[in-house]
**Q** 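Structure provided below as structure tokens; questions to follow.
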Amino acid sequence: MCGIVGYIGHEDAKEILLKGLEKLEYRGYDSAGIAVNNGNGVHYFKEKGRIADLREAIDNEVEATAGIGHTRWATHGVPNRINAHPHQSASCRFTLVHNGVIENYEMLKRSFLETVELKSETDTEVIVQMVEYFVNNGDTVEDSFRKTLKELKGSYALALLDNEDKDRIYVAKNKSPLLVGVGDNFNVVASDAMAMLQVTDQYIELMDKEMVIVTRDSVIIKNLDGAEIIRNSFTCELDASEIEKGTYPHFMLKEIDEQPFVIRKIIQRYQDEQGALKLDEDIRGAMQDPDRIYIVACGTSYHAGLVGKQFIETLAKIPVEVHVASEFSYNMPLLTGKPLFIFISQSGETADSRAVLVKIKALGHPAITITNVPGSTLSREADYTLHLHAGPEIAVASTKAYTAQMAVLAILAVDTARTKGIELDFDPIRELSIVANAMEVLCDQKEEMNQIAREYLATTRNCFFIGRGIDFYVGLEGALKLKEISYIQAEGFAGGELKHGTIALIEEGTPVIAIATQEQVNLGIRGNVKEVDARGANSCIISMKGLESAGDRFVIPAVHELMTPLVSVIPLQLIAYYAALHRDCDVDKPRNLAKSVTVE
Ligand code: F6R
């Protein structure tokens, strides 16, 4: 979602800001802008569309060594140039970029800005006008900024310029991510370290309800009462090459191909020198206690959670419920006496999941976050973190994080079982090694997947994915991948459920992709395929070696029956990828979607 960058130093700020914004493009956006401050006032440029459009709109004659930039994913007001950030106060003295949602902006408008004519439809503009309101009433800029922050309800990451002071950027955050990067004779601001890795790998974490005054050679953090806070920087471990596409045409394809490597890395990170599973003792302890586990997540991470439930219940014998975060936060189920929460989130910043975390922490319940970003909000605010080690995932459609989530959940389930003294005939390290090899075989069969996509999906309006048991969960993920990047209406169903309504949608030629990797339900799912075939469907069975039948369109290598989701999803990811290509869609940046969903 929205991304923020800022720079104050001695170089020309424009190019540094634009490069930073380009690195934030993956989060999803529909307009972008920058503002620079050079002592002759603040100059801003903004455009609807891509950063490339913004580049065109910039006057290269304007030189400045301080500035802020923004990519906007519209929430309040349509995506157009007027609603794009930066926004300015009435006199144009103050210029602001904002990530988040101000819930009480209507009320603030009525209370403070009755006489101000707002130019945009955004909640953001209220913030910058309020800073000016307090300044006009005699407060210093710093006090005005602080007073404004105290009035805001909701989420924000903010960067503010004052055209009467080219030596400062005012910054603040609440619930939305924001970091300050530290350099030699310069400092930067970024929603995500990736954005400014081009200039520094040293970052300072900011906490909610803190404000920061950033100059060329200092970073002064204060709480909202004005007390100064001292905090050291940390080194961001990201390697800049990890966030480049290299020779790949799209990040999504690169990330699909990285999956065998990620699984091997997880094996390495969660195993000690003697070959035993290696997990934080506190997490081990936490997993021994609960009478029920509640997994909370969104989208693809929710689908990984469904598979995780199978792992934990089958192996560790603890009952598990899996919940969509956005529903859970206002429709909380009756909790058991000793619940443990597991949040699954690639980004660790998803606002829906965080809202649940805040609620359950207030109730005093323990929480583990499984995430790809250990320093993220969900990671910091939970009691414990399990790291996915998947490397940065840039494509909006999640692929390697999904398989990494399931791998880590399998390790957690087995470790819990062993600690409880449950004897298992399942060695996760061995099974995951087999998975990694199978993934490699599948990644080498791209042309076959391209052919399936061309044959079944190049022109279709819709597509169904069916499976039974654990295959049903993979079908849900296959459908999500396909719809989000190819815009084909796709749904996943439990095979046996079709005849209770959905089969009415099957027409001559409707593609139905069936996943058949489970011995117990192999006959059942094949029966469902016959039902849809009898009604004209164009069915495509993806089965597993050992369970295949004549006519199956694709057969994946054999893996342990619990591990099949990590492997059967690869053809579905690739089919979605090629379907999107055949339909000329923007694979890495699908319309309307954001990578890091930081609003509820
Ligand atoms: C789909 C996708 C989304 C995310 C969801 C949760 O490909 O990426 O459905 O899975 O927005 O995001 P995280 O995992 O960052 O909490």
**Q** How would you list all residue pairs meeting salt bridge (Lys or Arg N to Asp or Glu O under 4.0 Å) that involve residues 496-518, not counting sequence neighbours?
**A** Arg461-Glu507
**Q** Between His303 and Tyr402, does the ring centroid distance fall short of 6.0 Å?
**A** no
**Q** How many angstroms lie between atom CZ of Phe261 and atom CD of Glu440, to the nearest 0.5 angstrom?
**A** 11.5 Å
**Q** Does Gln346 offer a backbone N or O that forms a donor-acceptor pair with the side chain of Thr371 under 3.5 Å?
**A** yes
**Q** Please enumerate all residues that pass side chain to side chain donor-acceptor pair (under 3.5 Å) together with Lys446, with sequence neighbours excluded.
**A** Asp257
**Q** Can a donor-acceptor pair be found, under 3.5 Å and without considering hydrogens, that links the side chain of Asp30 to the backbone of Pro79?
**A** no
**Q** Taking the basic N atoms (NZ, or NE/NH1/NH2) and the acidic carboxylate oxygens, is any pair closer than 4.0 Å for Glu381 and Arg354?
**A** yes
**Q** Decide yes or no on side chain to side chain donor-acceptor pair (under 3.5 Å) for Arg468 and Asn528, but give the supporting numbers first.
**A** CA-CA 10 Å; Arg468 284 175 176 248; Asn528 299 135; 2.9 Å; yes
**Q** Atom NE2 in His582, atom CD1 in Ile488: separation rounded to 0.5 Å?
**A** 10.0 Å
**Q** Could you measure the distance from the NZ atom of Lys175 to the CG atom of Asn99? Nearest 0.5 Å is fine.
**A** 13.0 Å
**Q** Should the ring pair Phe343 and Phe341 be called parallel, tilted or perpendicular, given that the plane angle runs from 0 to 90° and is split at 30 and 60?
**A** parallel
**Q** For the backbone of Ile256 and the side chain of Gln259, can you confirm whether one donor and one acceptor N or O come within less than 3.5 Å of each other?
**A** yes
**Q** Quick check with a 6.0 Å cut-off and a 45 degree axis cone: is Arg50 positioned over the face of Tyr29's six-membered ring?
**A** yes
**Q** Set out, in order, the CA-CA distance, both residues' side-chain angles and the distance that settles side chain to side chain donor-acceptor pair (under 3.5 Å) for Thr517 and Thr564, then state yes or no.
**A** CA-CA 7 Å; Thr517 71; Thr564 59; 3.1 Å; yes
**Q** Are the charged groups of Lys338 and Asp291 less than 4.0 angstrom apart, N to O?
**A** no
**Q** In plain terms, say whether Lys400 and Glu393 are close enough for a salt bridge, that is, a side-chain N and a carboxylate O under 4.0 Å apart.
**A** no
**Q** Within the side chain of Glu255, is there an N or O that forms a donor-acceptor pair under 3.5 Å with the backbone of Ile394?
**A** yes
**Q** Does a side-chain heavy-atom distance below 4.5 Å link His389 with Tyr270?
**A** yes
**Q** Would you confirm whether Asn372, through its side chain, and Gly391, through its main-chain N or O, come within 3.5 Å as a donor-acceptor pair?
**A** yes
**Q** Side chains of Thr71 and Arg27: closer than 4.5 Å at any heavy-atom pair?
**A** no
**Q** Could Arg591 and Tyr487 be counted as a cation-pi pair, given that NZ or CZ must be under 6.0 Å from the ring centre and within 45° of the axis?
**A** yes
**Q** Check the pair Lys530, Arg526 against side-chain contact (heavy atoms from CB on, under 4.5 Å), reporting the backbone distance first and the verdict last.
**A** CA-CA 6 Å; Lys530 288 214 164 21; Arg526 288 172 187 282; 5.6 Å; no
**Q** Walk me through whether Thr399 and Lys481 qualify under side chain to side chain donor-acceptor pair (under 3.5 Å).
**A** CA-CA 9 Å; Thr399 53; Lys481 282 297 83 89; over 6 Å; no
**Q** Looking only at atom types and distance, does a side-chain atom of Ser301 sit under 3.5 Å from a main-chain N or O of Ala297, one as donor and one as acceptor?
**A** no
**Q** Ignoring hydrogens and angles, state whether a donor on the side chain of Glu491 or Thr502 is under 3.5 Å from an acceptor on the partner side chain.
**A** no
**Q** List in chain and number order the residues that pass side chain to side chain donor-acceptor pair (under 3.5 Å) with Ser379, two or more places apart in sequence or in another chain; answer none if no residue qualifies.
**A** Thr385
**Q** Given 3.5 Å as the limit, does a donor-acceptor pair link the side chain of Thr314 with the main chain of Phe311, or not?
**A** no
**Q** Under the criterion side-chain contact (heavy atoms from CB on, under 4.5 Å), I'd like the reasoning laid out for Leu315 against Ile422: C-alpha separation, chi angles, the key distance, then a yes or no.
**A** CA-CA 8 Å; Leu315 301 166; Ile422 299 172; over 6 Å; no
**Q** For the residue pair Ile466 and Val529, establish whether any side-chain heavy-atom pair is separated by less than 4.5 Å.
**A** yes
**Q** Between Asp280 and Asp282 (side chain of the first, backbone of the second, donor and acceptor by atom type, cut-off under 3.5 Å), is there such a pair?
**A** yes
**Q** Minimum heavy-atom separation for Arg535 and Ile506, please, with both atom names.
**A** O-CG2, 3.8 Å
**Q** Under a 4.0 Å threshold between the charged nitrogen and the carboxylate oxygen, would Glu448 count as salt-bridged to Arg553?
**A** yes
**Q** Verify side chain to side chain donor-acceptor pair (under 3.5 Å) between His323 and Tyr294, making sure each step is shown before the conclusion.
**A** CA-CA 7 Å; His323 291 271; Tyr294 295 82; over 6 Å; no
**Q** Salt bridge or not between Glu258 and Lys254? Use side-chain N to carboxylate O under 4.0 Å.
**A** yes
**Q** Is a side-chain donor or acceptor of Lys359 paired with a backbone partner of Ser329 at a separation under 3.5 angstrom?
**A** yes
**Q** Indicate yes or no: at least one non-hydrogen side-chain atom of Asp383 is less than 4.5 angstrom from one of Ile368.
**A** no
